[in-house]
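Note sheet for the following structure.
Every number for a ligand or one of its atoms is a count from 1 in the order of the listing. Please read all numbers here as calculations on a predicted model, not as lab measurements.
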Amino acid sequence: MTGFAEPSPTQTALLLLGRGSDSDSERGVDCPGDLPPASDPTLLERARVAKEKLGDRLFILGHHYQRDEVIQFADVTGDSFKLAQQAAARPEAEYIVFCGVHFMAESADILTTADQKVVLPDLAAGCSMADMATASQVDQCWADLEASGVADDVLPMTYMNSSAAIKAFVGRHDGVVCTSSNAKRALDWAYERKGKVLFLPDQHLGRNTVVREMGFDLDDCVLYNPFKPNGGLTERELRDAKIILWRGHCSVHGRFTLDCVEEMRRKDPEVNILVHPECKHEVVEAADYVGSTEYIIRALADAEPGSSWAVGTELNLVRRLANEHPDKNISFLDRTVCYCSTMNRIDLPHLVWALEELVEGRVPNVISVEPGEAAAARKALDRMLALP
Ligand code: 13P
Ligand code: SF4
């Protein structure tokens, strides 16, 4: 009988472990630290002590999709919009430790002063949606729009969930960043200036916002596929479209289906279905309420005691909300587990390691956007922060 042979590590396996390098990803992939084991019973105390030692020099931001073990140490929690505002509002903090994903930390670096250091406790905390639009693909798309004679009438707009390079592209072309909590306002701003929008990289947020909130038909939207010549679109389709959606999506919110909604309604006809606008259009159409992470939090806080809710967003948040509101029946819309695996990469060992490094005077995992790119991206971010 032959013994068990360890499979030789593939590039993918190494990336899952957060090692190696990946030129196709907006994130870094290496965590150089000597991390404490997750089983170490002193981790909570170590995080508390390190945070106390750093005092006002440290500001910890935590996205709502972070694990409970991490979010408890955040000075401010929020969705990506609130965290961008907060990062910009603390010029006195020397270190911003970002418990979220890479594109959020990049935005924080762009919005903070040159002296402030933004730290991402695990560089492998990327975002698969952000990786679905690379700078060279977007340059090619713009060249296609120019060749089709429509570029002059197009305003590019990118969801926060994109790399700094994409935000810089948008900034250079007089465009704007949006988040799920201000997508409608950003689109209104865009259509006051141009006849068409190129919406990057989340097709669902773009489609759901223009169809549900702005009265567009589905036919007003076309989908640009970066893997096909001319995006898979004819010149006529590009000319007739009111919005050109990039073919990207969130792998977490993309899991919710119409089946999940129907099954929940069969089980409990009184249930309220509440979903994030990154979900597919048919799911959003079948839902009772749709909104950003902050909207979801408010809707559940304001809900009647005893009411039932099935929520279509990331599981760390849904579980936390269910625990915070035991007087309401809050369940998860999907039948299976649906964490954001990259958000979950920031765990207590990584946080402890990053904080203890800072205490020792070493600044680990600094997220630093190249100044030229940062200046262009900042224009697009500032336009978002100034939206009415
Ligand atoms: P918001 O924080 O804007 O709701 O976005 C959700 C998300 O997917 C973050 O990665
Ligand atoms: Fe990216 Fe989706 Fe995870 Fe947000 S939830 S970080 S969009 S993969």
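- Under 4.0 angstrom from ligand 1, there are no non-hydrogen atoms of Val252.
- Between Asp334 and Arg255 there is a salt bridge, with a side-chain nitrogen of the basic residue lying less than 4.0 Å from a carboxylate oxygen of the acidic one.
- Residue Leu238 shares its hydrophobic cluster (ILVMFWY side chains chained together at separations under 4.5 Å) with Val138, Trp142, Leu145, Val150, Val154, Ile166, Phe169, Val170, Leu198, Leu200, Val222, Tyr224, Leu233, Ile244, Trp246.
- Residue side and main chain included, Cys340 places an N/O/S atom under 2.8 Å of atom 3 (Fe) of ligand 2.
- Taking every heavy atom of both residues into account, Asp122 and Ile346 meet most closely at N-CD1, 3.5 Å.
- Residue-level proximity to ligand 1 for Glu314 is absent, since no heavy atom of it falls below 4.0 angstrom.
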_Quick one, Phe332 with Phe256, criterion ring pair (Phe, Tyr, Trp, His ring centres under 6.0 Å). Give me CA distance, side-chain angles, the key distance, then yes/no._
CA-CA 10 Å; Phe332 191 56; Phe256 301 108; 5.6 Å; yes
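- For Cys250, the nearest N, O or S atom to atom 2 (Fe) of ligand 2 falls under 2.8 Å.
- One hydrophobic cluster holds both Leu348 and Val97 under the rule that ILVMFWY side chains link at heavy-atom gaps under 4.5 Å.
- When the salt bridge (Lys or Arg N to Asp or Glu O under 4.0 Å) test is applied to Arg236, the partners found at least two apart in sequence or on another chain are Asp240.
- Within ligand 2, counting atoms from 1 as listed, the ones closer than 4.0 Å to a heavy atom of Tyr65 are 5 (S).
- At least one heavy atom of Tyr159 sits closer than 4.0 Å to an atom of ligand 1.
- Only the side chain of Glu278 comes within 4.0 Å of ligand 2, counting heavy atoms alone; its backbone N, CA, C and O stay farther away.
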